[in-house]
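The block underneath contains the structure these notes are about, expressed in C-alpha cells.
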Amino acid sequence: MTNLKGPDGFDLFYGEMYGERWPRLKAALLLPKKHVAVLNPFSKFKFDKIPLHVSGVSFEHDVRESFPQPEKTEEGYTNYYLLDAASILPVEALDIHPGERIVDLCAAPGGKSFLCALKMKNLGLLISNDRSAARRARIHNIFNDYLPKTEQKNHKITSYDATKWCLYEKSAYDKVLLDAPCSSERHVLEDNKELSMWAPGRTKAIAVTQFAMLASALDIVKVGGTVVYSTCALSQLENDDIIRKLHQKRPHRFELIRKEFPFGDPTEFGWQILPDNTGWGPFYLAVVKRIK
Ligand SMILES: C[S@@+](CC[C@H](N)C(=O)[O-])C[C@H]1O[C@@H](n2cnc3c(N)ncnc32)[C@H](O)[C@@H]1O
C-alpha cells in the first residue's frame with residue numbers, strides 16, 4: 001500500500017484497491033448526486049406524478065436528479081426527506097417491527113433515525129445516539145420538523161460514545177444500527193483542501209474506531225438480535241475488513257445474514273453500492289446476527 005499523501009496518494013491508494021475500475025468510479029464520484037425523496041406521511045403531501053420506485057425500497061418515495069428544497073405543508077410538517085437511495089437500505093435491512101427496542105448508535109443528522117421512526121409507528125423504543133452536541137441538535141430539528149410530538153413518545157436522543165456503550169449496558173436491544181463515521185471519500189474528492197490533506201493512515205485510524213463501535217454494538221444487542229453495520233466509505237479497510245476482524249476477534253458470537261438488495265453487488269461479507277454502475281452510493285452494509 002502507498003505511503004504517498006495528497007491527491008496523488010489518494011489516486012494510487014484507491015487505484016490499487018479498485019484496479020481498472022478506479023478511473024470510471026472516480027469519474028462517477030465527481031458527478032452531481034441524485035436524490036430520493038421519502039414522503040413524510042404526516043405532512044399529507046402528495047407527489048405530483050406517480051412516484052418512481054426503486055424496486056424493493058418500501059418507503060413511498062420519488063427519484064429525481066434534483067428536487068425543490070423540502071418545505072412545510074399546511075399541516076405544519078416538512079413534506080419529504082432527501083437522501084441517497086443507498087442510505088435507505090440499512091433501515092430496510094434492520095427489518096423493523098413496531099414494538100422493538102432499537103438504537104441508532106451514530107444517528108446525526110438523523111435521516112436514518114427518521115426512517116426508523118416511520119417503520120416503528122411510535123411503538124417500542126427508538127434511541128438516536130450521537131456524540132456531537134451540534135449534530136444532536138439536527139436530530140431534534142428533524143424529528144420536530146417531520147413528526148408530531150405525539151408520534152415521538154417512543155423516541156430518545158442520547159450522547160454516549162458508541163465505542164463505550166457496552167461498558168454500561170449489555171444485551172438490551174432487538175436491533176442496532178451502526179452507520180459509522182467513515183472516510184467519506186466522495187466528500188474528500190469534492191474538497192481540494194481535504195484532498196490535499198489526505199493520507200493513507202487516515203482510513204486505518206478510522207477503521208480502529210469502527211471496529212470498537214461494532215464490538216460494542218454486538219454486546220448491546222440481545223442474543224438473536226441484529227446489528228446492521230454501514231459506511232459511505234470506499235476503503236475496504238472500513239467495510240469487509242471490519243467484518244473479517246469481527247470473525248477473528250469474536251468467533252462463534254455472531255453469524256452473517258446475507259441479504260440481497262435491489263441495486264448494488266454482494267461482497268465477501270456484505271453488500272456494496274457504487275455510483276459507477278448504480279448511480280447511488282458509495283455505500284456498504286453488512287448484517288450481523290448475535291448468536292451468543
Ligand atoms: C455517518 S454519520 C451518521 C449519519 C446518520 N446515521 C444519518 O443517517 O443521518 C456518523 C456520526 O457518528 C458520530 N460519531 C462519531 N464518533 C462517535 C462516537 N464515538 N460515538 C457516537 N457517535 C459518534 C458523528 O458525530 C456523526 O454524526
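Counting starts at 1 for both ligands and their atoms, in listed order.
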Item to complete: Evaluate the side-chain hydrogen bond (donor to acceptor under 3.5 Å, both in side chains) criterion for residues W22 and D11: first the C-alpha distance (whole Å), next the side-chain angles of each, then the deciding distance (0.1 Å), finally the verdict.
Response: CA-CA 8 Å; W22 175 239; D11 254 339; 2.8 Å; yes

Discussion item. Test side chain to side chain contact (heavy atoms under 4.5 Å, CB included) on Q236 and Q272; report intermediate values, then the result.
Written reply: CA-CA 10 Å; Q236 295 310 338; Q272 191 170 35; 3.6 Å; yes

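- Residues of the protein with a heavy atom under 4.0 Å from ligand 1 are L105, C106, A107, A108, P109, G110, G111, K112, N129, D130, R131, S132, R135, Y160, D161, A162, D179, A180, P181, M213, listed by chain and number.
- Panel note: side chain R136, backbone D130; a donor-acceptor pair is recorded below 3.5 Å.
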Item to complete: Before giving the answer on side-chain hydrogen bond (donor to acceptor under 3.5 Å, both in side chains), spell out for E92 and S58 the whole-Å C-alpha distance, their side-chain angles and the decisive distance to 0.1 Å.
Response: CA-CA 8 Å; E92 299 284 12; S58 63; 3.0 Å; yes

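- In this structure, K119 is positioned above the aromatic face of F59, its NZ or CZ under 6.0 Å from the six-membered ring centre and within 45° of the axis.
- Atom NZ of K170 sits in a crowded spot, with more than 12 heavy atoms from other residues, nucleotides or ligands closer than 6.0 Å.
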